[in-house]
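What follows is a set of notes on a single structure, which appears directly below.
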Amino acid sequence: MKELILGGARSGKSALALRRAEAFAQSGHAVAWLATAQALDAEMAGRIARHRDERPAGWRTLEEPLRLAQALHDCASDGACVVVDCLTLWLTNLMLAEDAGLLERETAALLAALPVLPGEVILVANEVGLGIVPDNALARRFRDEAGRLNQAVAALCERVTFVAAGLPLVLK
C-alpha cells in the first residue's frame with residue numbers, strides 16, 4: 001500500500017509515519033527510512049540528528065536528496081516498508097539544483113515509480129498551500145510546485161492522511 005501523510009510544520013506527520021513504520025516492523029518486516037534533507041547548516045544538521053535518533057537502530061537509513069525514484073526502486077521490496085521523509089525537502093532540493101530540467105525529470109520518475117513499487121511506501125509532505133500568498137516569485141513557484149506534487153502523489157496513493165496538532169484525519 002502507498003500512503004501520503006500531509007500536514008503543516010511540526011504537525012506530527014513524521015511522528016505518524018514513524019508509528020506506522022513501527023507497527024509494520026513489529027510484525028517482523030524490514031523498514032527503510034529514506035531521508036531527503038541535506039545538512040547545509042548547523043541548524044539543519046541538528047534537526048537531521050534528532051530525527052535519526054527517533055528511529056530504531058535496526059532500520060536501514062538512506063539519504064537521497066535528488067534521485068528519489070531510483071532510491072525507492074533500490075530499497076522497496078515485498079514485505080518491507082519504506083518511509084520517505086520528506087517530499088517537500090526533496091522538491092526544494094530539485095528546485096535549487098543547477099540542472100533546470102531535474103525537477104521535471106525526477107518528478108516524472110517518482111510518479112512513474114509509485115504504482116509499481118512493491119511493499120509498503122509511506123510518503124511525508126508538507127501542506128504549504130493553506131497560508132498566505134508568498135511575496136516573491138520563487139516562494140510562489142515553490143508553493144505551486146508543492147501543491148501540484150501533493151495532488152499527483154495523492155492520486156496514486158491508496159491512503160492519504162492529513163495531520164493537524166498531532167491528530168490524523170484520513171482523507172482517502
Side-chain angles (χ1 to χ4, degrees), residues 1-18 20-21 32-40 44 47-48 51 62-76 81-172:
M1 179 169 76
K2 312 304 183 285
E3 178 178 11
L4 175 62
I5 299 176
L6 295 165
R10 309 305 309 159
S11 64
K13 59 194 177 296
S14 293
L16 177 61
L18 182 70
R20 294 251 206 270
W33 197 274
L34 212 163
T36 62
Q38 298 182 83
L40 300 178
M44 186 55 107
R47 286 176 178 262
I48 291 169
H51 272 280
L62 302 120
E63 296 180 357
E64 180 48 62
L66 298 173
R67 311 276 186 221
L68 183 56
Q70 185 58 55
L72 280 165
H73 279 297
D74 292 345
C75 65
C81 176
V82 179
V83 178
V84 175
D85 194 9
C86 83
L87 290 178
T88 312
L89 287 173
W90 173 70
L91 176 65
T92 300
N93 298 338
L94 294 174
M95 287 183 64
L96 297 177
E98 294 187 17
D99 181 346
L102 190 62
L103 173 63
E104 185 177 322
R105 289 192 312 274
E106 289 299 319
T107 300
L110 175 65
L111 298 177
L114 282 177
V116 300
L117 290 171
E120 183 92 4
V121 178
I122 301 169
L123 304 124
V124 177
N126 289 329
E127 176 50 68
V128 299
L130 297 174
I132 61 172
V133 176
D135 70 345
N136 66 76
L138 178 60
R140 286 189 297 276
R141 179 173 173 234
F142 173 76
R143 180 210 50 202
D144 294 348
E145 294 290 351
R148 281 191 282 274
L149 177 64
N150 288 347
Q151 288 183 58
V153 170
L156 297 173
C157 289
E158 290 87 4
R159 181 168 55 199
V160 177
T161 305
F162 184 79
V163 181
L167 302 172
L169 174 64
V170 176
L171 303 176
K172 175 182 173 185

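One-based numbering along the sequence shown. Only a predicted model underlies this, so the values are computations on that prediction, with no experimental measurement involved.
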Spacing of Cys75 atom SG and Leu62 atom CG [to the nearest 0.5 Å]: 5.0 Å

Please report the shortest heavy-atom distance between Ala76 and Val82, naming the atom on each side. CA-CG2, 3.8 Å

Closest heavy-atom pair, Glu158 versus Lys2, reported as atoms and distance to 0.1 Å, is OE1-N, 2.6 Å

Is there a side chain to side chain contact (heavy atoms under 4.5 Å, CB included) between Leu6 and Val160? Walk through the geometry before answering. CA-CA 8 Å; Leu6 295 165; Val160 177; 4.2 Å; yes

Which pairs would a plain distance check flag for residues 161-172, meaning a side-chain donor or acceptor within less than 3.5 Å of a matching protein atom at least two apart in sequence or in another chain?
unit_1	atom_1	unit_2	atom_2	d
Thr161	OG1	Glu3	OE2	2.7
Lys172	NZ	Ala154	O	2.9
Lys172	NZ	Ala155	O	3.4
Lys172	NZ	Cys157	O	2.8

Once rounded to the nearest 0.5 Å, what's the spacing between atom CD1 of Ile5 and atom CG of Leu18? 10.0 Å

Quick one: closest heavy-atom pair of Leu102 and Ala97, and the distance? CD2-CB, 3.7 Å

What donor-acceptor contacts under 3.5 angstrom involve side-chain atoms of residues 103-117, with partners at least two apart or in another chain?
unit_1	atom_1	unit_2	atom_2	d
Arg105	NH1	Gly101	O	3.4
Arg105	NH2	Asp99	OD2	2.4
Glu106	OE2	Arg67	NH1	3.1
Thr107	OG1	Leu103	O	2.8

State the CG-CG distance between Leu96 and Leu91, to the nearest 0.5 angstrom. 9.0 Å

N/O donor-acceptor pairs under 3.5 Å from side chains in residues 119-131, not counting sequence neighbours:
unit_1	atom_1	unit_2	atom_2	d
Asn126	OD1	Lys13	NZ	2.6
Glu127	OE2	Gly129	N	2.9

Can you tell me how far the OG1 atom of Thr36 sits from the CG atom of Leu89, to the nearest 0.5 Å? 4.5 Å

Among residues two or more places apart or on two chains, list those pairs meeting side chain to side chain donor-acceptor pair (under 3.5 Å) that have a residue in residues 81-93. Ser14-Asp85, Gln38-Asn93

Counterpart residues, side-chain contact (heavy atoms from CB on, under 4.5 Å), relative to Arg140 (two or more places apart): Val133, Pro134, Ala137, Arg143

So Val84 and Leu72, do their side chains get closer than 4.5 Å, heavy atoms only? yes

Taken in chain and number order and not counting sequence neighbours, the residues that satisfy side chain to side chain donor-acceptor pair (under 3.5 Å) with Asp74 are Gln70

